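Structure first, commentary second.
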Amino acid sequence: MNPQAGTPPPPLGVYLHLPWCVQKCPYCDFNSHAPARADRRADASTLPAIPHERYTRAVLTDLASAAGPLRGRRVETVFIGGGTPSLFPPEAIGGLLEALDRRLGLTGDAEITLEANPGTVEQGRFHGYRAAGVNRLSIGVQSFDAGALRRLGRIHGPEEARRAVRAARRAGFRRINLDLMYALPGQTTAQALADVEAALALAPEHISHYQLTLEPGTPFHSRPPADLPDEARLLALEAACRERLAAAGLTRYEVSTWAHPGEACRHNLNYWRFGDYLGLGAGAHGKLSDPARDEIRREARVRMPGTYMAQAGTPAAIAELRRLQNGDIVLEFMMNALRLAEGFHRDDWRRHTGRPTTLFEDRVAEAVTDGLLSDDGGRIRPTQRGWQLLDGLLQRFL
């Protein structure tokens, strides 16, 4: 029996990875690359030279190869991440979006997000990105404290972040997300709240508010900065900021994400609800379902930009391809869905996986007994305690 037969596939998004940054931040474990030294320009007020034309051609080749099995499934969301995608000219972004529409088709209300660095050099491009079809910006502010930004290795200052948001508004962007970090080295509760206040003063529709973590393979992991907050200070910082964001009318719809009503990031919601997404670009990951074959698979492109540009569109460009087994599906579904305040309904599980709920019911019942989950009319949600102990909660589904 094929449990997915006759079930339509989940919503489809596309993730485009543009991997270059002006410089690599010491906390970042993303697949991002500073341009080669020979390609860096002496004048810091100009963009570094990156092979955007060659890279764009590679992504278009990748798309042409990947689109066939997805025909008939229109794209509901696009997220252009990196790296610093705003290093690419608007013409390149527009060409990628036009190709996506031609090959797969964008829905009329497709959400199209571009990550941007608040450096002043990029602000003149906002009009071009808007004209190219981008309708949502995610601006990597991280902090409004100049000293904290220097310690984080950021290339912008607080005023540049403010100018970037104002420029984006002038360019016609109605939906803006600001990325903010907390638990920074030496950060007090007052300083964390000051960052939140500065962000709120810019009236963004959405705020991603996440903890600085020391990711393996990063300089911060091998040489941790001094005076990172202990658990007690960390909880105090998070609680104070959570209270202020809620008082400002934003809703915490995911463990690290806040939005005004109707302004949640649809692309990220698709991840967390176990939707499908095609990943294009160096190191891009994807998750795709094939109900007719009762298959859910994960795939990843090769990480290095040079290798990707040489191999895009060929089998060699796929660094990983695996079919998820039932245990993988349970873990991955829970890792995403339990980050959400809404949790998930059992009908969501059946619709997006085609599998029976018996695969996880015993572990959900145990977590409900322990006060980590609630189970109300078929909807399973994390409790506040479950969110605080999320890593331990997810361990139950291994």
Side-chain angles (χ1 to χ4, degrees), residues 13-25 28-68 70 75 78-104 106 112-117 119 121-122 124-134 138 140 155 277-286 299-321:
V14 172
Y15 176 73
L16 295 173
H17 191 74
L18 309 185
W20 286 279
C21 287
V22 174
Q23 67 182 30
K24 183 86 169 176
C25 296
C28 177
D29 71 335
F30 295 163
N31 183 36
S32 59
H33 305 267
R37 187 170 300 279
D39 292 333
R40 299 184 195 180
R41 299 173 181 172
D43 182 358
S45 68
T46 60
L47 295 176
I50 57 176
H52 60 81
E53 292 180 350
R54 184 182 172 206
Y55 189 82
T56 300
R57 288 195 298 270
V59 173
L60 295 178
T61 300
D62 194 358
L63 171 62
S65 175
L70 299 172
V75 176
V78 179
F79 197 100
I80 307 169
T84 305
S86 50
L87 291 175
F88 276 57
E91 297 76 20
I93 301 300
L96 292 169
L97 294 176
E98 288 172 7
L100 275 175
D101 195 27
R102 185 170 62 253
R103 292 280 183 183
L104 295 174
L106 299 172
I112 301 173
T113 302
L114 178 83
E115 289 186 331
N117 186 293
V121 69
E122 297 159 7
R125 297 182 168 199
F126 287 156
H127 284 281
Y129 295 134
R130 187 69 191 91
V134 177
S138 184
I155 63 170
Y277 55 99
L278 171 65
L280 300 171
H285 287 246
E299 58 185 31
R301 269 53 176 174
V302 293
R303 287 177 57 85
M304 296 306 295
T307 306
Y308 174 78
M309 288 187 286
Q311 298 179 342
T314 73
I318 307 299
E320 178 187 352
L321 180 61

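Just so it is clear, the values below take in all heavy atoms, side chains as well, and ignore hydrogens, waters and symmetry mates. Values in this document were obtained by computation on a predicted structure and should not be read as measured data.
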Problem - Test item: Glu115 side-chain N/O and Gly82 main-chain N/O as donor-acceptor pair under 3.5 Å - result: yes
Practice task
Verify the neighbour count for atom CD of Glu320: are there more than 12 heavy atoms of other residues, nucleotides or ligands below 6.0 Å?
Solution key: yes
Practice task
Drop me the distance from Arg301's CZ to Ile318's CD1, to the nearest 0.5 angstrom.
Solution key: 3.5 Å
Practice task
State, to 0.1 Å, how close Arg303 and His33 come at their nearest heavy-atom pair, and which atoms those are.
Solution key: O-NE2, 4.0 Å
Exercise for the section: Quick one: closest heavy-atom pair of Thr84 and Cys21, and the distance? Expected result: OG1-SG, 3.3 Å
Exercise for the section: Can you see which heavy atom on Ala284 is nearest to which on Gly279, and at what distance? Expected result: CB-C, 3.5 Å
Exercise for the section: Measure the CG-CG distance between Leu16 and Leu63 for me, rounded to the nearest 0.5 Å. Expected result: 8.5 Å
Practice task
Test Leu18 against Ile93 for side chain to side chain contact (heavy atoms under 4.5 Å, CB included), laying out the working first.
Solution key: CA-CA 10 Å; Leu18 309 185; Ile93 301 300; 3.8 Å; yes
Exercise for the section: Show the numbers, then the answer: is there a side chain to side chain contact (heavy atoms under 4.5 Å, CB included) between Ile50 and Leu87? Expected result: CA-CA 8 Å; Ile50 57 176; Leu87 291 175; 3.9 Å; yes
Handout entry: side chain to side chain contact (heavy atoms under 4.5 Å, CB included) assessment of His17 paired with Val59
Key = CA-CA 9 Å; His17 191 74; Val59 173; over 6 Å; no
Completion exercise
The reported gap from CZ in Phe79 to CD1 in Ile112 (rounded to nearest 0.5 angstrom) is 12.5 Å
Problem - side chain to side chain contact (heavy atoms under 4.5 Å, CB included) between Phe88 and Thr56, worked out - result: CA-CA 9 Å; Phe88 276 57; Thr56 300; 4.0 Å; yes
Exercise for the section: Please name the pair of heavy atoms, one in Asn31 and one in Pro19, separated by the smallest distance, quoted to 0.1 Å. Expected result: O-CB, 3.7 Å
Practice task
Enter the distance from Met304:CE to Gln311:CD here, rounded to the nearest 0.5 Å.
Solution key: 12.0 Å
Exercise for the section: Could you tell me whether the side chain of Trp20 reaches within less than 4.5 Å of the side chain of Pro51, counting heavy atoms only? Expected result: yes
Handout entry: Distance-minimising heavy-atom pair for Gly83 and Ser32
Key = N-CB, 3.6 Å
Handout entry: Distance in Å, Asp101 CG paired with Leu106 CG, rounded so as to fall on 0.5 Å steps
Key = 4.0 Å
Practice task
Of all the heavy-atom pairs spanning Pro90 and Ala132, show the shortest one and how long it is.
Solution key: O-CB, 4.0 Å
Practice task
Using modelled atom types only, decide if a donor and an acceptor are shared between the side chain of Asp62 and the backbone of Leu280 within a distance under 3.5 Å.
Solution key: no
Handout entry: OG-CD1 distance between Ser86 and Ile80, expressed to the nearest 0.5 angstrom
Key = 10.5 Å
Practice task
Could you check whether the rings of Tyr55 and Tyr308 sit parallel, tilted or perpendicular, using 30° and 60° as the cut-offs?
Solution key: tilted
